[in-house]
Amino acid sequence: MKDRYSRALVQRLLVLVAGNVLLLGVIWFLMKEGSSFSQVLLRAGPNVAPVAVAGLGMTGIIFAGAIDLSIASIIVVAATIFGILVSHGFPPWVCHFACVLGAWSLSMANGYWVRLLRVPSIIVTLAGLAFYRGVALIVADVGVPGFSGNISVQDESYHAPGKVYAGWILALMLLLAAAWELFAKSPRRWLALGNSEEACRLLGVHPGRVLQSAYCVGGLFLGVAALIFTTRVQAIEPARMALGFELQVIGAVVLGGTNIFGGEGSYAGTVLGAFFLYLILELLIYSGVSPYFQELMTGAIILAVIGLDCAWHRKDQWLAELA
Amino acid sequence: MRRFVLPLLLLAEVAFFTAVSAPNINSLDALTTYLRHFVGDLLAQSAPILLLAAGMTLVLMTAGIDLSVGSMVALIACLMSSFPAGLGFWWTAVPAGLAFALFLGLTNGALVAILNIPPIIATLGTMILYRGLCFVLMGDLEKAPFVDVPGYEWLGQFSGAFAATALVFIIGGSFFEKSRWRREILMLGGNRVAARYAGIPVTRRLCEVYGLMGILAFLAALCFTARNSSVSASSLTGLELHVIVAVVLGGTRVQGGAGSLWGSFLGVLLIAVMDEGLRGAAVWGDKNLPFKISHLEYVLLGTLLVAGVWLNTRFGHRGQSE
């Protein structure tokens, strides 16, 4: 633990824990008579679940010095597949499985293209952001007869993972991620790759394969996130669904202290960051601020936390530059 | 090699889409009229992206990126739209917009250069922040004071768009190509530490580049509002993707240290012709394809981006290796 987390990272985790507790306290203080605090706590888990689970996947990818900007579009493709299968009357478990599998295979494809073309992952996935959205729209056009912009899913049995079990799925994923980070070798390999590709190669660790494994594991988390996201909404609208979701996820990861260029970070930070962003918005609702301020506050918080962090560690950066 | 590939590709694209979308051209006169309208519309339509691409080229040269351009243009347009229309608009809203644009650009610059935040994070943050400000400023309204400003619609026509892009690309570009300033930002993009040791004022240069991006965003906002005449808080989402794809297609390296304005110019036109062509081919698509042809735009945009970067790393910039 001690040698894996740097001082800055531990500081960030502590700040986030304190921040979350503080936010909960302020929300409790602001609550009016009649609304119950336990409801707020119970609602938080399911609401955070898509961002937090997708964030766990993204964290691993960012560890390795890569990034995935196309996750929102991947979720849309998975959701479209789900919607088409539902509209053709397949049983729920087939639809859910196809949704997870769709997101996972597209994430694997991202990793594959990054490896094959030797193009920076930010470019490949920026292209994927546009590409997959287009694919989703075309697939919806072809797959649903008389497609008119959205696929509505009425039967409640299809909504179970998002509406009933989202909190439990989040808890399970957290346990998995914690065990994974503590005991598995791959997160350390990703961190190593994020630190120095050259060193990895010299030590006999294949950079391409390690990167591919990061996208593979990230894709599994993303598949679960896509499942939760898809089954929480009543109608699947490929053109507008999940717009800006990747920013929320990257925001949570970066807020959690993971270095955006790879090589340093933690899973716990991502989850804390996701809760922090959610609680801030919840606080705004309870303090009666207009909902138009939500986006402004999200941007301001990401900038403030990271700006402060960068300003504090500016001296380290200068020293690193000199070395 | 690249120098000829892009123009040829552009010509091929124009020829292909002309053949698909306007099949009843049978004389030379008809063809020239069609092309004149096509080029005029194209330039007027893509003027905002052209202006932004010029700025983005410089930003990418410094090894940065500016994801906030779409939000920035929208925010400037929103601010200007809250001024009353009439002749007074020219000396109230326009200078206010310019000053605000400069401020927004310099904010990005300060975050990147002074606070040392990685550009992609800093501008990701400001992208959300500026978009949030749009919503705070506008709510759900859609405002259109621009139609009642005398002389404003000129900017949205061919001549106005031509004047703006010529100002940036021909006059600005010719000064830029020869300048010491260009070599300095290329160097700081190639190696920031070396640039600092070479005595280049890195912080100041970065602020200048991002500030310039702000001013260009202001010009783009002028062209955009003059053509579309109304603006709402969610206008222009996803604009940054178009701009970045265009610039990268034009041969600018995302890792910094290399790039050309001329290439970006061609890159924007390449994408604009594609958009226009797909719009023109809509009728043909409805008859022959099982999906809406406009959805192909996203797919092509993504493919073009990856193909462009791949070609850049494989064949571009001889003598530079990773």
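Quick note on labels: first sequence line is chain A, next is B, and so on, each numbered from 1.
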Chain A contacts, top residue of B:Ile121, B:Val306, B:Leu133 (heavy-atom pairs, under 4.5 Å): B:Ile121
From CD1 (B:Ile244) to CE (B:Met56), nearest 0.5 Å: 4.5 Å
Per-residue contact mode, A:Leu126 against chain B (heavy atom under 4.5 angstrom): both
Heavy-atom pairs under 4.5 Å with chain B, option from A:Thr298, A:Leu296, A:Leu129, A:Val139 with the top count: A:Leu296
Contact leader toward chain B among A:Ala136, A:Ala300, A:Gly299, where contacts are heavy-atom pairs under 4.5 Å: A:Gly299
Leading residue by heavy atom contact count with chain A [cutoff under 4.5 Å; candidates B:Leu300, B:Leu241, B:Leu137, B:Leu301]: B:Leu241
Best-contacting candidate, A:Leu247, A:Ile250, A:Val119, A:Ile138, against chain B by heavy atom pairs under 4.5 angstrom: A:Ile138
Close side-chain approach of B:Met274 to B:Leu304, heavy-atom, < 4.5 Å: yes
Chain B contact via A:Val135 - side chain, backbone, both or neither, heavy atoms under 4.5 Å: both
Nearest heavy atoms of A:Gly208 and A:Arg115, plus distance in Å: O-CD, 3.3 Å
Atom CZ of B:Phe100 with >12 non-hydrogen neighbours under 6.0 angstrom: yes
Contact origin within B:Ser294 toward chain A - heavy atom pairs under 4.5 Å: neither
B:Met213 to B:Leu52 - nearest heavy-atom pair and separation: CE-O, 3.5 Å
Given A:Ile280, A:Ile285, A:Val289, the one that forms side-chain contact (heavy atoms from CB on, under 4.5 Å) with A:Gln294: A:Ile285
Part of B:Val254 lying under 4.5 Å from any heavy atom of chain A: side chain
Which atoms of B:Ile65 approach chain A - backbone, side chain, both or neither, heavy atom under 4.5 Å: neither
Proximity breakdown for B:Leu111 and chain A, heavy-atom pairs closer than 4.5 Å: side chain
B:Arg279, CZ atom: more than 12 neighbouring heavy atoms under 6.0 Å: yes
A:Phe275 atom CZ, over 12 foreign heavy atoms within 6.0 Å: yes
Which portion of A:Ile301 sits near chain B, non-hydrogen atoms under 4.5 angstrom: neither
B:Lys292, NZ: over 12 other non-hydrogen atoms inside 6.0 angstrom: no
Exam field: side chain B:Ser71 to backbone B:Met127, donor-acceptor pair closer than 3.5 Å: yes
Engaged part of B:Leu289 at the chain A interface, taking heavy atoms whose separation is under 4.5 Å: neither
A:Phe261 portion near chain B, given a 4.5 angstrom heavy-atom threshold: side chain
B:Met138, part contacting chain A, at a heavy-atom distance under 4.5 Å: neither
Neighbour count >12 (heavy atoms, 6.0 Å) for atom CZ, B:Phe291: yes
Interchain contact, A:Ile67 with chain B, by part (heavy-atom threshold 4.5 Å): neither
Proximal component of B:Ile117, with respect to chain A [non-hydrogen, under 4.5 Å]: both
